[in-house]
Amino acid sequence: MTLRRVVAVLAALAALALVGPATAETTLRVVMHSDLKIVDPIWTTAYIVRNHGYMIYDTLFAMDARGEIKPQMVDKYEVSKDQLTYTLTLRDGLSWHDGKPVTTEDCVASIKRWSAKDSMGQKLMGFVKDIQIVNAKTFKIVLNEPTGLVLGALGKPSSNVPFMMPKRVAETDPNTQISDFTGSGPFVFKKDEWKPGDKAVYAKFDKYRPRPEPPSALAGGKVVKVDRVEWKWIPDHQTAMNALIAGEVDYLEAPPHDLLPIAKADPNVKLVDVNPLGNQFTFRFNALHKPFDNAKVRQAVFHAFNQEDFLKAVVGDPAYYKVCKAFFPCGSPMSTPKGLEGLLESNFEKSRALLKDASYDGTPIVLMHSTDLAVLTNLGPVAKSLLEKGGFKVDMVSMDWQTLVARRAKKEPPAAGGWHAFLTSWVAADILNPVMMGFMNASCDKAMFGWPCDKEIESLRDQFARETNPARQKAIAEAVQVRETQYPTHIPLGQWYLASPTRKNVDGILQAPVPVFWNVSKK
């Protein structure tokens with residue numbers, strides 16, 4: 001090599017050394033609880049799609065770490081003296097990923113699409129007389145009567161989240177999935193790099209203007225400190241844990257509990273408690289078809305089940321679960337055992353007696369069983385065993401979670417591709433009161449998949465929506481829970497908690513009911 005060539009090479013290396021750290025791209029690689037196949041967070045309540053929504057969209061309001069609702073896209077808001085008009089003004093500098101400004105037309109269209117699907121949104125819109133656009137940055141929500149739902153609904157932390165979308169996207173029929181993924185949130189979805197079954201990629205949105213406040217759960221300043229976030233789909237949990245230990249990925253959202261000791265023992269890994277409120281396992285009925293169209297048959301399930309069998313089968317370690325015979329999470333303001341005395345104790349004789357009284361004809365229960373999510377996989381076999389001991393015949397159909405999500409939207413009879421029941425999990429922040437709890441929506445065709453239909457439950461939920469006194473709200477919540485034992489829409493199967501393993505060179509993971517990746521840095 002000539003002297004001139006050596007000098008040129010050294011000069012090039014020196015230049016790289018100077019600019020390398022300044023231009024190096026920081027990529028956070030994470031393994032989420034599920035593969036991303038559906039990308040419309042209004043069309044489905046699936047949490048992986050909700051998580052995707054928080055990456056690319058923003059919200060008008062957000063819930064902070066204290067459970068308080070704070071402005072997010074909104075700069076300021078005013079409430080009239082008669083409590084009937086809310087005037088909301090957007091922050092300066094909000095823009096979509098395509099460079100166009102966010103306007104109130106976009107927000108109003110987004111509210112309307114979200115509220116057509118979401119349980120809390122539907123209840124809110126029952127109080128709304130009109131939504132008026134004042135100008136490009138200000139709009140008014142005018143009510144027929146006062147309700148405390150407005151801010152709580154617009155700041156709803158979990159599925160369905162009222163994400164703001166461009167007007168052209170938000171005008172998509174809520175029962176049709178969107179195909180345009182333009183948001184205004186802190187990350188941009190790289191659709192060209194999205195490979196279902198492999199990865200989803202998000203890039204920092206350089207034009208995003210975070211709020212000036214410190215981040216607090218889902219509220220405050222969404223400051224992005226990495227250039228890219230890659231969601232890597234690794235279906236085998238041991239392989240995912242090995243990748244974390246080897247430094248090939250940086251974060252595991254939801255590994256099985258029995259793998260946590262491996263993470264805890266590694267000196268380069270730490271466990272982060274991201275959701276101290278916890279979660280609730282849930283059994284959901286389809287009330288449209290026999291035999292679960294009969295409330296007595298559904299009541300029989302309350303007697304066949306017990307919570308501990310489910311919690312032991314999935315979680316195992318009592319440090320990470322709690323028996324909680326309540327619809328509203330234990331430790332939350334509305335939690336109460338009222339009405340559940342004597343239930344969830346695996347009284348199989350009582351279950352069989354109720355089935356006989358209801359003239360159950362032995363129709364096999366088509367139980368959808370998710371096989372690819374660690375926290376759900378063992379629920380189906382436990383439910384099948386307990387149901388059969390309680391007098392049911394059960395046809396457990398195994399599938400991945402995304403297939404289950406698509407199938408549960410079908411109203412066809414179980415024999416024609418529909419379903420009778422499935423099991424899932426809700427974060428506690430989704431089920432804090434009767435209006436927020438989606439599975440308590442008993443408004444028939446407007447209800448969530450399962451489509452329960454009960455005027456008494458809906459009347460009580462309306463009363464709760466009108467009430468602002470906490471003591472009276474608690475009494476209404478108790479009444480709803482009692483009614484739920486008479487007309488069951490679903491069954492609570494206990495609370496569980498999980499710590500997420502991450503590499504020690506990753507900092508800033510926020511405690512929130514949703515895994516979010518702003519404020520996260522990687523050394």
Tell me whether Arg50 forms a cation-pi arrangement with Tyr47, defined as NZ or CZ under 6.0 Å from the six-membered ring centre and within 45 degrees of its axis. yes
Phe292 and ring pair (Phe, Tyr, Trp, His ring centres under 6.0 Å): which single residue from Trp419, Tyr360, Phe285, Phe422 fits? Phe285
State whether Tyr487 and Arg298 meet the cation-pi test: NZ (Lys) or CZ (Arg) under 6.0 Å from the six-membered ring centroid, and within 45° of the perpendicular axis. yes
Closest non-hydrogen atom pair, Gly221 against Pro215: O-CB, 3.5 Å
Between Gly53 and Phe163 the two heavy atoms that sit nearest each other are C-CZ, 3.5 Å
Partner residues of Tyr321 under the ring pair (Phe, Tyr, Trp, His ring centres under 6.0 Å) criterion, sequence neighbours left out: none
Hey, are Asp445 and Lys411 close enough for a salt bridge, meaning a charged N less than 4.0 Å from a carboxylate O? yes
Is a salt bridge present between Lys270 and Asp507, judged by a nitrogen-to-oxygen distance below 4.0 Å? yes
Please find the pair of heavy atoms, one from Cys324 and one from Pro329, that lie closest to each other, and give the distance. SG-C, 4.3 Å
Between Arg483 and Glu458, does any side-chain N to carboxylate O distance fall below 4.0 Å? no
Arg284 to Phe439, cation-pi by 6.0 Å centre distance and 45° axis angle: yes
State, to 0.1 Å, how close Trp401 and Leu423 come at their nearest heavy-atom pair, and which atoms those are. CZ3-O, 4.0 Å
Asp454 and Gln486: side-chain contact (heavy atoms from CB on, under 4.5 Å), yes or no, with the steps? CA-CA 11 Å; Asp454 186 66; Gln486 301 161 357; over 6 Å; no
Minimum heavy-atom distance Val427-Ser158, with the two atoms named: CG2-OG, 3.8 Å
Within the distance-only criterion (no hydrogens, no angle test), does the side chain of Trp233 pair as donor or acceptor with the backbone N or O of Ser34 below 3.5 angstrom? no
